[in-house]
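Note sheet for the following structure.
Numbers restart at 1 for each chain; the letters A, B, ... are given by sequence-line order, proteins then strands.
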Number of protein chains: 2
Amino acid sequence: MLLEYAEDDSNLPEGILLRRRPVARGETLFRTGDPFHSVFAVKSGSFKTLLPSQSGQDQIIGFHFPGETMGTAGVAEGIYPCTARALEVSTICEVRMERLEESGQSAEMLQRAIIEMLGKEVSFNNTLMTSLIRQSAEQRIGAFLLNLSQRLQVRGQTGEEFSLSMSRSDMGSYLGLASETVSRVLTRFQKAELIELDKKRVHLLSPERLADVVDEV
Amino acid sequence: MLLEYAEDDSNLPEGILLRRRPVARGETLFRTGDPFHSVFAVKSGSFKTLLPSQSGQDQIIGFHFPGETMGTAGVAEGIYPCTARALEVSTICEVRMERLEESGQSAEMLQRAIIEMLGKEVSFNNTLMTSLIRQSAEQRIGAFLLNLSQRLQVRGQTGEEFSLSMSRSDMGSYLGLASETVSRVLTRFQKAELIELDKKRVHLLSPERLADVVDEV
DNA sequence: CGTCTTATTGAATTGTCTCAACATGCGTGG
DNA sequence: CCACGCATGTTGAGACAATTCAATAAGACG
């Protein structure tokens, strides 16, 4: 539902959906512990979500691309459980939850949508954890690239060539690897002609062989 | 809500809440892909949830103790995303969702409860992932023991001494470690007089020093 | 154009895994 | 109830993948 709003926001009651000015690179949408008020959908650009750590090094817990939502889990506890920050100039669609309920929108439909999003998030996290926990650096990064490709394809992009808008150390934090390892594996993939790499730009030359790398027992 | 039912099921409409005979050790409550029908709350004993893997080695994704729920994420997709299996003789409270909706129960309250459970699960998984991804074997196992202790305390237990009802390799799968490593670390903890270990029984001698191990930068 | 951040590459270190042997516990059937 | 057999747990030695530290290179941004 919210995903559709992100594409075509014309049929949403005024005052609920907020189209804000483009979000600057590095700008924070919400912080861990902030009182929950809205769910955000990415319209263009990309975001990272993270858990701030006392010891300086933030833990990246997710990346968010057009058509995907952020902050949903906050509805349960009334506060945002993570911080969301733009990786590049981006646009978003903000849906104020309390105002949605006020307006004649069916609360039940709204809740169903939230349940669906959360349920998918739980499932995704479980499979993600499974891959992260037992796989090698090459497998993790291969799976990560394929996952990004797939998610971008859903939104009409080719999925063959795209931009790694996050830093190497963000990728590393997310995948549980040192940023140097990310660097090394990417160059290894390039030498094996699995990908083509030009700074932030990636081109998947052979998704099939990449999938083989990931599935190796 | 469901947690309360797990404790005192007297005020639930008949036919919705099912008290089943005790579940045997090793018995499966539901399997990945099964059509969703019920949420389960643990009354006594313990369970593991897992993602079956084609390559034999199942991935453990969670453990469930009295007062905790299982299968909630299935409501979103209509199928159970994981398999739940009893670690010991246990009792459960099964709540049939479709019948709950049929009965006069407010669908909205029910949905709110589900949202709360899912939101907490998302948050928990995020913090769990954070610890698993960057921490050493000692930190993972220390955090795991402390987490178990804390969850048992919530339900009135002392939390100082409890039973590790899962096998070493279940722990290992869950924590991303070889079962041998789990074994080694536990004996190391024992030698350091952080815990006392008698087969499945653990006694946390110094939760504070254990927390220090976990927090070491 | 210079400064600061991010990325790449190298060399050495180390934690965890793998393989293997052995010990212990548990359930089953005699 | 004991004895057997299989599953589970412990411990050791060696291998290796990823980390850390360090130095250089390349971009980003004002």
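- The residue A:Ser179 sits apart from the nucleic acid: no heavy atom pair falls under 4.0 Å.
- B:Ile133 pairs in a side chain to side chain contact (heavy atoms under 4.5 Å, CB included) with only one of the listed residues (A:Ile61, A:Ile133, A:Leu132, A:Leu175), which is A:Leu132.
- Closest contact between the side chain of A:Glu180 and the listed nucleotides D:dA22, D:dT8, C:dA11 involves D:dA22.
- For A:Arg184, the side-chain atoms get nearest to C:dT9 when compared with the rest of C:dT9, D:dG9, C:dT8.
- Checking C:dT8, C:dT6, C:dT18 against the side-chain heavy atoms of A:Ser183 singles out C:dT8 as nearest.
- Out of C:dC17, D:dT10, C:dT9, the shortest distance to the side chain of B:Arg168 is found at D:dT10.
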- A:Ser46 and A:Glu88: CA distance, side-chain angles, deciding distance, side chain to side chain contact (heavy atoms under 4.5 Å, CB included) verdict: CA-CA 6 Å; A:Ser46 54; A:Glu88 57 192 311; 2.5 Å; yes
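- The phosphate of D:dT11 (OP1 or OP2) has a side-chain N or O of B:Thr187 nearer than 4.0 angstrom.
- Residues A:Asp58 and A:Ser53 approach most closely at OD1-N, 3.4 Å, considering heavy atoms.
- Axis angle, first five pairs versus last five pairs of the helix from C:dC1-D:dG30 to C:dG30-D:dC1: 50°, rounded to 10°.
- When rounded to the nearest whole Å, the span between CG of A:Leu177 and C1' of C:dT16 equals 15 Å.
- Aromatic ring centres of B:Phe40 and B:Phe30: separated by under 6.0 Å.
- Aromatic ring orientation, A:His37 versus A:Tyr80: perpendicular (interplanar angle above 60°, classes split at 30° and 60°).
- Nearer the 5' end of DNA chain D, as judged by each residue's closest nucleotide, is the contact made by B:Thr181, out of B:Thr181 and A:Arg25.
- The side chain of B:Lys200 contributes an N or O atom lying less than 4.0 Å from OP1 or OP2 of D:dG9.
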